[in-house]
Amino acid sequence: MSEVSDEDFAEILAQTRHFVRTSVVPREAEILADDQVPDDLRERAKTMGLFGYAIPQQWGGLGLDLRQDVELAMELGYTSLAVRSMFGTNNGIAGQVLVGFGTEEQKSQWLAPIATGDVVASFALTEPGAGSNPAGLLTKAVRDGSHWVITGQKRFITNAPTANLFIVFARTRPADDQGAGIAVFLVPADAAGVEVGAKDAKMGQEGAWTADVGFTGVRVSDAALVGGSEDLGYRAALTSLARGRVHIAALAVGAAQRALDESVAYAAAATQGGTPIGNFQLVQAMLADQQTGVLAGRAMVRDAARMWVTEEDRRIAPSAAKLFCTEMAGKVADLAVQIHGGTGYMRGVPVERIYRDVRLLRLYEGTSEIQRLIIGSGLVKAAQRQA
């Protein structure tokens, strides 16, 4: 059962939609040009509780479950993805590690400031040689008395330039029969030996900042070991990523809906030889393909979120939803540019930005290729177990 009633959630969703459509959409060009979300929008998001919407209420969050989370994500996907990214790690991959695996002391110390947005938590998993598959990570944590010493390099870390807390995955030993040998640590951004690189220059998603993070002999106490266990890291990463995949799928649906809306509006108004291009059947066919993709994606996301909440499927359905919806969003955005013709290739036109923004969705939280491997191997293993 969710902590939030349907009635209360309807109000939260309506407020979020209003914020996106009336406050954020008109300022997309500003976010793009400045490569940052304006401070007043950040403050509005904090006041609305968006930095902690998926954090349980006992820690000061709104307490939305994943079924509600995806409805919110579909609204947030409608505009510049930088706004969602600003609080995405607090609610998602970083915050959920603490919610699901932290000790009571760790939750007490960190979840309340994460929920208010006073602390930005960042998920430090990806490395130059380990991305979608966390088993390959090389960052090391070595025990030294009652402390741990962490050394390694992380790459493409979302919100690293603004982070106050890094959720850091590190290897404590080689993988063996006991487990993957990966632990997860809570490392304050101001700890000695933590170095955040310059923010990355990316193809799209302006205002959503990522950077490299170096850990050079960073000392943390035993209390920083999430869950007090050396073997939680791999499971925490996989669980957090799987939940995040359903959220990213929903985000993709929101972006695809925006691309569709822009396409329909353009097709209805723009003329060729005095005739609205929407009257041409080949343009209608493109709109039909967009609409079909959006409807299929929305249904799939809602179903995957339901199965996550009931614990019916927390592995294959998240990967299938993420795979389908992010690929679908790419196709819908491509069709949107095509419908707009040369206009769609111009900076400042929403579909040009969407085309670049959604390309990343097929890469993070596990590439499309990794999702296919998870789905395929999962189906085969299930059949072998039954046999």
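Numbering starts at 1 and runs along the sequence shown.
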**Q.** pair Leu186-Trp110: side-chain heavy atoms closer than 4.5 Å
**A.** yes
Q. So, Tyr78 and Asp261: side-chain donor and acceptor under 3.5 Å apart, yes or no?
A.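 Yes.
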Q: Please check if any side-chain donor atom of Trp148 sits under 3.5 Å from a side-chain acceptor atom of Asp222, or the reverse.
A: yes
Output yes when a side-chain donor or acceptor of [X] lies under 3.5 Å from a complementary backbone atom of [Y], and no otherwise.
X	Y	answer
Asn90	Val119	yes
Asp200	Lys202	no
Asp34	Gln36	no

Q: Just jot down the ring-ring contact (aromatic ring centres under 6.0 Å, His included) partners of Trp308, sequence neighbours excluded, or say none.
A: none
Set of side-chain hydrogen bond (donor to acceptor under 3.5 Å, both in side chains) partners for [X], sequence neighbours left out:
X	answer
Thr139	Glu127
Asp6	none
Gln205	none
Asp144	Arg219

Q: Given side-chain hydrogen bond (donor to acceptor under 3.5 Å, both in side chains), test Ser23 with Arg44 step by step and report yes or no.
A: CA-CA 10 Å; Ser23 298; Arg44 277 280 304 283; 3.1 Å; yes
Q.
Quick check for you: to the nearest 0.5 Å, what is the distance between Arg171 atom CZ and Ile150 atom CD1?
A.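 Interatomic distance, Arg171 CZ to Ile150 CD1, rounded to 0.5 Å: 14.5 Å.
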Q: Nearest 0.5 Å please: distance from the CZ atom of Arg84 over to the OG1 atom of Thr16.
A: 14.0 Å
Q) When the ring planes of His340 and Tyr266 are compared, do they come out parallel, tilted or perpendicular, using 30° and 60° as the limits? A) parallel
Q) Who else is in Leu323's hydrophobic cluster (ILVMFWY, side-chain heavy atoms under 4.5 Å, direct or via others)? A)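 ILVMFWY cluster around Leu323 also holds Ile316, Ile375, Leu379.
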What residues form a salt bridge (charged side-chain N to carboxylate O under 4.0 Å, His left out) with [X], not counting sequence neighbours?
X	answer
Asp303	Arg306
Glu11	none
Glu352	Arg347, Arg356
Glu230	none

Would you tabulate the side-chain donor-acceptor contacts of residues 280-290 under 3.5 Å, counting partners in other chains and residues two or more places apart, or write 'none'?
unit_1, atom_1, unit_2, atom_2, d
Gln284, NE2, Gly278, O, 2.9
Gln290, NE2, Ser263, OG, 3.2
Gln290, NE2, Val332, O, 3.1

Side chains of residues 94-104: which donor-acceptor pairs under 3.5 Å do they make with residues two or more places apart or in other chains?
unit_1, atom_1, unit_2, atom_2, d
Gln96, NE2, Ala54, O, 3.3
Gln96, NE2, Asn91, O, 2.8
Thr103, OG1, Gln106, N, 3.1
Thr103, OG1, Gln106, OE1, 3.3

(Q) Evaluate Lys46 against Asp118 for side chain to side chain contact (heavy atoms under 4.5 Å, CB included), listing each step before the verdict. (A) CA-CA 9 Å; Lys46 282 174 77 168; Asp118 293 333; 3.5 Å; yes
Q. Given Arg353, which of Glu28, Glu206, Glu262 fulfils the salt bridge (charged side-chain N to carboxylate O under 4.0 Å, His left out) condition?
A.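 Testing Arg353 for a salt bridge (charged side-chain N to carboxylate O under 4.0 Å, His left out) against Glu28, Glu206, Glu262 leaves exactly one candidate, Glu28.
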**Q.** Pair Asp35-Lys199, salt bridge (Lys or Arg N to Asp or Glu O under 4.0 Å): steps then yes or no
**A.** CA-CA 10 Å; Asp35 188 22; Lys199 70 175 192 245; 3.7 Å; yes
